[in-house]
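Read the structure below first, then the notes.
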Number of protein chains: 2
Amino acid sequence: MTMPVSTEMRDGLREHRRKLTRPRQAILDIIASAAHHLTPAEIHKLARKKYPHLGLVTVYRTLDLLTEFGYVQRVHFADGCHSYAASAQEHAHHLVCSSCGKAQAFADCDLEPLIASLQRKTGYEINLHVLELMGKCPDCSTRAVALGKNGKRK
Amino acid sequence: MTMPVSTEMRDGLREHRRKLTRPRQAILDIIASAAHHLTPAEIHKLARKKYPHLGLVTVYRTLDLLTEFGYVQRVHFADGCHSYAASAQEHAHHLVCSSCGKAQAFADCDLEPLIASLQRKTGYEINLHVLELMGKCPDCSTRAVALGKNGKRK
DNA sequence: ATGCTAATCGAAAATCTTTTTCAATTACAC
DNA sequence: GTGTAATTGAAAAAGATTTTCGATTAGCAT
């Protein structure tokens, strides 16, 4: 509950009989303490401050592992999906700022009625979903007003 | 309404003062008539049957264009997002089979209550969302039963 | 029809991102 | 401590996507 996310992940590794190595510790710390979603390359760069020898390959492998165990989730944007974030709950979604990229997680998605209805209509056994919301965060809204016109990314 | 999707896309290009070239026609035809989502590489391969000279670069460029105009949408999977599908409506979601990859679109997502609530709580101005459901389609469920144990991908 | 011009194209090269291979290292149970 | 399977990093391979650039072409205006 109030247990740090990184501790939870460490326990998870132990439960699955996986080793808690120094490279993994560095990666876990970064992901658990990150304010928002990060790409593998970003995680690599940050975790290297703690463990300079860390290879990018290990980041990918660790992300696969943590994703499989449910401690980390891929964050989906409208235009690409190269970021990951710790999933505080077993089930989490993200609200991503389209301007600064800051993300906020939320758990209550209440899709049951929709899922039930679709299962009935289509015969699919639905067992997973991706839901990501995008919009401008309060800070960026304020900044946009202060600066007048605001540009688009890309 | 009952107008073919490809015709709609063609009109869209004209409205935006873009040229309707032979390479684009080939790409539009493939996307519009596809039963499910396709990767750029798949679109390239298929469209080449109509226009053998077609380059993959043009597929990427055309997808960007059609996405910008809203005629095509990226389809989000749990593990990656490299596929595109025609968006029949301005707003569409997908139900993707986790086994064979077959997808089915649906429009009614009824997220308004959730969005309204989150806007109130967080102050974000939400203007876009990604929703994709995954599960086993009826065909694959049947096949799994027939064959006994079914393996996982990857 | 013909010409003009900006939009578009394909090929090649450059950039990323992600995966595979493999020999060396390391966590951890005994 | 010792043994062993899991894990690691480097290098290379594989894939996906973007950039560059000279050649081509659609569509409008003669």
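Residue numbers start from 1 in every chain, and the chains themselves are labelled A, B, ... in the order their sequence lines are given, proteins ahead of strands. Values in this document were obtained by computation on a predicted structure and should not be read as measured data.
- Using a 4.0 Å cut-off between a side-chain N of Lys or Arg and a carboxylate O of Asp or Glu, B/Asp64 and B/Arg61 do not qualify as a salt bridge.
- Nearest to the side-chain atoms of A/Arg18 among the listed nucleotides D/dA16, C/dA7, D/dA6 stands D/dA6.
- When ring centroids are compared, A/His94 and A/His36 stay outside the 6.0 Å threshold.
- We find that CD1 of A/Ile27 is positioned 11 Å from C1' of D/dT8, with the value rounded to whole Å.
- We find that CG of A/Leu20 is positioned 17 Å from P of D/dA6, with the value rounded to whole Å.
- Each of B/Lys19 and B/Arg74 has a nearest nucleotide on DNA chain D; the 5'-most of these lies closest to B/Arg74.
- The 5' end of DNA chain D is approached more closely, in terms of each residue's nearest nucleotide, by B/Leu56 than by the other of B/Arg14 and B/Leu56.
- Within the 4.0 Å cut-off from OP1 or OP2 of C/dC9, at least one side-chain nitrogen or oxygen of B/Thr21 is found.
- With rounding to whole Å, B/Arg61 atom CZ is found 6 Å from C/dC9 atom C1'.
- Side-chain atoms of A/His82 lie closest to C/dT17 of the nucleotides C/dT17, D/dT17, C/dC9.
- Taking atom NE2 on B/His53 and atom P on D/dT25, their separation rounds to 9 Å, with Å as the unit.
- You'll find that the side chain of B/Arg22 is closest to D/dA26, out of C/dT18, D/dA26, D/dA10.
- Relative to the side chain of A/Val57, the nucleotides D/dA16, C/dT8, C/dT19 differ in distance, and C/dT19 lies closest.
- Rounded to an integer number of Å, the gap from B/Tyr84 OH to D/dT17 P is 6 Å.
- Atom pair B/Leu13:CG and D/dC28:P shows a separation of 13 Å (rounding to whole Å applied).
- Between A/Cys81 and B/Leu54, the residue anchored closer to the 5' end of DNA chain C is B/Leu54, taking for each the nucleotide with the nearest heavy atom.
- For the residue pair A/Glu125 and B/Ser141, a side-chain donor N or O sits within less than 3.5 Å of a side-chain acceptor on the partner.
- Distance, A/Arg17 CZ to D/dA6 P: 12 Å, rounded to whole Å.
- The sulfur atoms (SG) of A/Cys81 and B/Cys81 lie less than 2.5 Å from each other.
- Summarising the geometry, the separation between CZ on A/Arg24 and C1' on D/dA6 is reported as 8 Å, rounded to the nearest angstrom.
- Judged by distance alone, the side chain of A/His82 and the main-chain N or O of A/Thr39 form no donor-acceptor pair under 3.5 Å.
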